[in-house]
Amino acid sequence: MLFSCISTPIALQAMILLPLISLLFQHFTLTVTALPIQQLPLVPTYAFASVDFYSPLLGGGSMLDDAGDGFGEPLNVIISGLSSPQVLTEDGIINFAKAIGFSEECLGLHLGAPQSANLGDGNGWVNQTIELRQDYGNSEIGTCLETLIGGNHFRVFKQNGTDAQSNALFLAVSQEEDLEESHTIIPDGYNIGRDKLANLAVGTTHFDGITYSTTARNLTGLLAAGSVGVNHGIGTDGITTLLTVTIIDDCSS
Ligand SMILES: *[C@@H]1O[C@H](CO)[C@@H](O)[C@H](O)[C@H]1NC(C)=O
Ligand SMILES: *[C@@H]1O[C@H](CO)[C@@H](O)[C@H](O)[C@H]1NC(C)=O
Ligand SMILES: *[C@@H]1O[C@H](CO)[C@@H](O)[C@H](O)[C@H]1NC(C)=O
């Protein structure tokens, strides 16, 4: 009951009582699930307007951001619009980032120019909302270490323009060199950064009283494999990983 809001004795009671109660109600449960499908209330289709994300390519956008030098970084991870809404806010993504070993930039210092992305949602090219760095186990000052010795980092862009309001977060993830190498991306740094982030995210994670359950799915056909237009000329395998992040327990308030 490590991640539960309720105290251990109550949790223990619940562990014992719940199976008993569900045994008692098993007959009832079966009856409910056996209801003929036609008797379920009909829900108009617009109630299902929520989607994982809209392909930026359909709305004149790009899966490469604009790094300001004529090239772009791949948007290689998408946090699904079907994630818990709280995760898709700025505070929400920061807390989730902390749960998987990232944090805000060193002492709030912002290194380098922001990049922009066009997610085909009608907002055009919009600056990143936030940049998060690997925190080496300390969400207060760990990102200072990342700034010095390099590591994983990502920029966040939100698809919330009125043409494609999925609220999905598009992430440009990359593994960086140290400060001496001016924070360039390591060889294969886009694929490596993506896979490291996905590995940290998948499963159950928690930070500051909020517990997340995350699943991953790989998508192709959004990013072109190779290095055409890609910043630093570093090729990618063309995979975008879709993460769906669900809050399963919230003791934060
Ligand atoms: C994006 O960031 C750049 C650099 O900080 C700034 O000059 C520009 O005004 C920003 N653009 C928008 C639309 O906020
Ligand atoms: C979209 O998200 C950005 C960044 O969080 C925010 O500044 C903006 O107000 C949002 N726009 C809409 C239409 O919700
Ligand atoms: C996605 O693709 C990468 C690279 O091939 C792989 O390492 C990873 O396990 C894949 N993830 C999923 C969820 O299939």
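Whatever order the structure lists them in is the order used to number ligands and atoms, beginning at 1. Values below: every heavy atom of this structure, side chains too, minus hydrogens, waters and symmetry copies.
Looking only at distances, no side-chain donor or acceptor of Gln159 sits under 3.5 Å from a matching main-chain atom of Ser166. Between the side chain of Asp163 and the backbone N or O of Gly59, no donor-acceptor pair lies under 3.5 Å.
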Distances for all N or O pairs of ligand 2 and the protein under 3.5 Å?
from     : atom 1 : to     : atom 2 : distance (Å)
ligand 2 : 2 (O)  : Asn160 : ND2    : 2.3
ligand 2 : 11 (N) : Asn160 : ND2    : 2.9
ligand 2 : 14 (O) : Asn160 : ND2    : 3.3

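Residues Asn95 and Tyr212 have side chains that bring a donor and an acceptor to within less than 3.5 angstrom of each other. With hydrogens and angles left out, the side-chain atoms of Asn218 and Thr241 include a donor and acceptor closer than 3.5 Å.
Each of Leu243, Thr246, Val245 was evaluated against Val87; a single residue qualifies, Val245, per the side-chain contact (heavy atoms from CB on, under 4.5 Å) test.
Residue-ligand proximity, Pro114 to ligand 1, at heavy-atom distances under 4.0 Å covers atoms 2 (O), 4 (C), 5 (O). Residue contact check: Asn218 has heavy atoms under 4.0 Å from atoms 1 (C), 2 (O), 3 (C), 8 (C), 10 (C), 11 (N), 12 (C), 14 (O) of ligand 3. Within ligand 3, counting atoms from 1 as listed, the ones closer than 4.0 Å to a heavy atom of Ile239 are 2 (O), 5 (O).
Side-chain contact between Lys158 and Leu169: present, with at least one pair of heavy atoms (C-beta onward) separated by less than 4.5 Å.
Only side-chain heavy atoms of Arg194 come within less than 4.0 Å of ligand 3; its backbone N, CA, C and O stay farther off.
By the criterion of side-chain heavy atoms lying less than 4.5 angstrom apart, applied directly or through intervening Ile, Leu, Val, Met, Phe, Trp or Tyr residues, Met63 is grouped together with Val230 in one hydrophobic cluster.
A ring pair (Phe, Tyr, Trp, His ring centres under 6.0 Å) check over residues 113-141, counting only residues at least two apart or in different chains, returns nothing.
Not close to ligand 1: Ala113, with no non-hydrogen atom less than 4.0 angstrom away. Using a non-hydrogen distance threshold of 4.0 Å, Thr241 does not register as a contact of ligand 3.
In summary, Arg133 and Glu176 engage in a salt bridge, as defined by a charged side-chain N under 4.0 Å from a carboxylate O.
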